[in-house]
Number of protein chains: 2
Amino acid sequence: MKERLDLREDILRIIAAHSGAIGQGAINLLLRKQGVLISMPTVGRRLQELEFEGFVAKAGIEGRVLTDRGRHALKRFDAEARLRVSGAALLDTLRRGDRKHLLDLLAARRVIEAEAAALAATHVSPNAIAKMDGILSRQAAGVARGETGLEEDIAFHREIARASRNEVLCSLVALLRQHRRYNLIVNSIRAAVGSRMVVDHARILAALKARDPHAARAAMDRHLRTLAADLNRYLGRWSPDGGVRGR
Amino acid sequence: MKERLDLREDILRIIAAHSGAIGQGAINLLLRKQGVLISMPTVGRRLQELEFEGFVAKAGIEGRVLTDRGRHALKRFDAEARLRVSGAALLDTLRRGDRKHLLDLLAARRVIEAEAAALAATHVSPNAIAKMDGILSRQAAGVARGETGLEEDIAFHREIARASRNEVLCSLVALLRQHRRYNLIVNSIRAAVGSRMVVDHARILAALKARDPHAARAAMDRHLRTLAADLNRYLGRWSPDGGVRGR
DNA sequence: CCCATTAATCATCTGTGATTAGTGCCACGC
DNA sequence: GCGTGGCACTAATCACAGATGATTAATGGG
């Protein structure tokens, strides 16, 4: 069901690109030129389906043309495809774990989460503040016990993003936080950053409680700046060239 | 090849969730409970494949267990799945076109692109500046002719993101720019914003030429702020409730 | 002795590709 | 001007490969 939809999309695209009507043979050749190697009968079958669904119509004898509905569907497909491609590109960038990309990632997180923190300062609910208080004290207790506090860190940042009431920022924070290698590294340097992370978070939370957007933004900015500096030092220590072995 | 990988993932997950060994019959039942309806022999075949690839091993007679490699692969699968889910959530948010989401989107773009502009001011190459010059003059000419200048707008912002040398920011800009309804609306209000867009862009470009990060950030911030204000006015005019009819 | 598991065999179903029939247009030659 | 062969297209038929499911050994443990 998946790749067939893909094939049909390709066929629609070819028909749209071609001026005038076009038939199975020519479509087959063009598909082949695109690297899609299918037989002509299959193209015919897909064409029958597309015709049945009203996306193409027979134009006399010399082949088929797009209907308005087909053009419309294709436009929607294109938009979806562009979205998917952009998303995939971002995911690929996020998957990479070399030094520069980790720092790039942190720089992006810094501006995004700083804005989220500023917004949160004006929009946060008492309920959310209570939740953050709980997270923070759990994190402090965990770090004191020698744990990493990673879970609480993630939860804290997520709560702030959620409190910003900006769904796009919230989604972005969630997405950018899904980086395995980054989490691993924070794990490794937790001895250095664990306790300071709690202090940083407390400062952010205090700004939220004071409903001071400026202070919240500054606190979050500083938090992620120092994290980036730590990361940079850590990576520099183990691999000056920036090519830490990851996979 | 696709759904089979999916099925195998499900099977791995079930084995991992189950304490101790588990066989085809029980896996089949659990799969069925998940809504995946496959026959027991198929489960057996997948298990053979997984065993051949070293992800599971036979545990005596009572079924199969995960190997270390299987556990590792599953962990990787989980990370990938989380990434995909987060990405899909963001795409869903971006797909929505109501007033609040459009403004959220613009707010996110504002901080991201402002940072990109600031970085670009220090990293931009003469080459890129020349390219932006070209884009800008084409846009000015187009707007003077009564066109929307939308293509050039997109290209300009993309160039700035690229000049920031931060791939994450660049991907984010590309992703956030893929919003059909937003582009449609800008099209609709181009009479109001078309010429001012050129002025804004010129101001940004001037800051880049002066290699002044502060000015670049401020110019971009202002550009997207006014755009948001325009959008807000436009949406307010046509639908005070924020529920513009889309698609 | 019964049960769960693995694995093999056989039938079926689906999708695909090769081939072929049927149809109308076009160009060429008379 | 008209018949005729070539050509592109549609669509049907047949065969084949692959996956799936039902059934059935075969094995070992409670």
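Because only heavy atoms are used, hydrogens play no part in the values below, and waters and symmetry mates are left out as well, while side chains stay in. Note on naming: letters A, B, ... go to the chains in the order of the sequence lines (proteins, then strands), and numbering restarts at 1 for each one.
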(message) Check this for me: does any side-chain nitrogen of one of Glu49(B) and Arg45(B) sit under 4.0 Å from a carboxylate oxygen of the other?
(response) no

(message) Is the phosphate of dA18(C) approached by Ser39(A) (side-chain N or O, under 4.0 Å from OP1 or OP2)?
(response) no

(request) Rounded off to whole Å, could you give me the CG-to-C1' distance for the Leu31(A) and dT16(C) pair? (result) 15 Å

(request) Please report the closest heavy-atom contact between Ile112(B) and Leu176(B), naming both atoms and the distance. (result) CD1-CD1, 3.7 Å

(message) Quick one: does any side-chain atom of Asp104(A) pair with a main-chain N or O of Asn166(B) as donor and acceptor, under 3.5 Å?
(response) no

(request) Mind calculating the distance between CG (Asp6(A)) and C1' (dG15(C)) to the nearest angstrom? (result) 17 Å

(request) Take the protein atom CZ of Arg8(B) and the nucleotide atom P of dT20(D), then report the distance between them rounded to whole Å. (result) 12 Å

(request) Could you list all the salt bridge (Lys or Arg N to Asp or Glu O under 4.0 Å) pairs where at least one residue sits in residues 148-160 of chain B, not counting sequence neighbours? (result) Lys131(B)-Glu159(B), Asp153(B)-Arg177(B), Glu159(B)-Arg162(B)

(request) Nearest whole angstrom, please: distance from the P of dT5(C) to the CD1 of Ile11(B). (result) 14 Å

(message) For Lys75(B), is there an ion pair with Asp78(B) - N to carboxylate O distance below 4.0 angstrom?
(response) no

(message) If I take atom CG in residue Leu37(A) and atom P in nucleotide dG15(C), what distance separates them, rounded to the nearest angstrom?
(response) 19 Å

(request) Show your working on salt bridge (Lys or Arg N to Asp or Glu O under 4.0 Å) between Arg76(A) and Glu80(A) and close with a plain yes or no. (result) CA-CA 6 Å; Arg76(A) 215 177 53 212; Glu80(A) 293 277 326; over 6 Å; no

(request) Can you tell me the distance, in whole Å, between the CD atom of Glu49(A) and the P atom of dT14(C)? (result) 14 Å

Distances under 3.5 Å only, N/O to N/O: pair up the protein atoms with those of nucleotides 5-15 of chain D.
from	atom 1	to	atom 2	distance (Å)
dC9(D)	OP1	Gly23(A)	N	3.3
dT10(D)	OP1	Arg64(A)	NH1	3.1
dT10(D)	OP2	Gln24(A)	N	2.7
dT10(D)	OP2	Gln24(A)	NE2	3.4
dA11(D)	OP1	Lys58(A)	NZ	2.7
dA11(D)	OP2	Arg64(A)	NH2	2.9

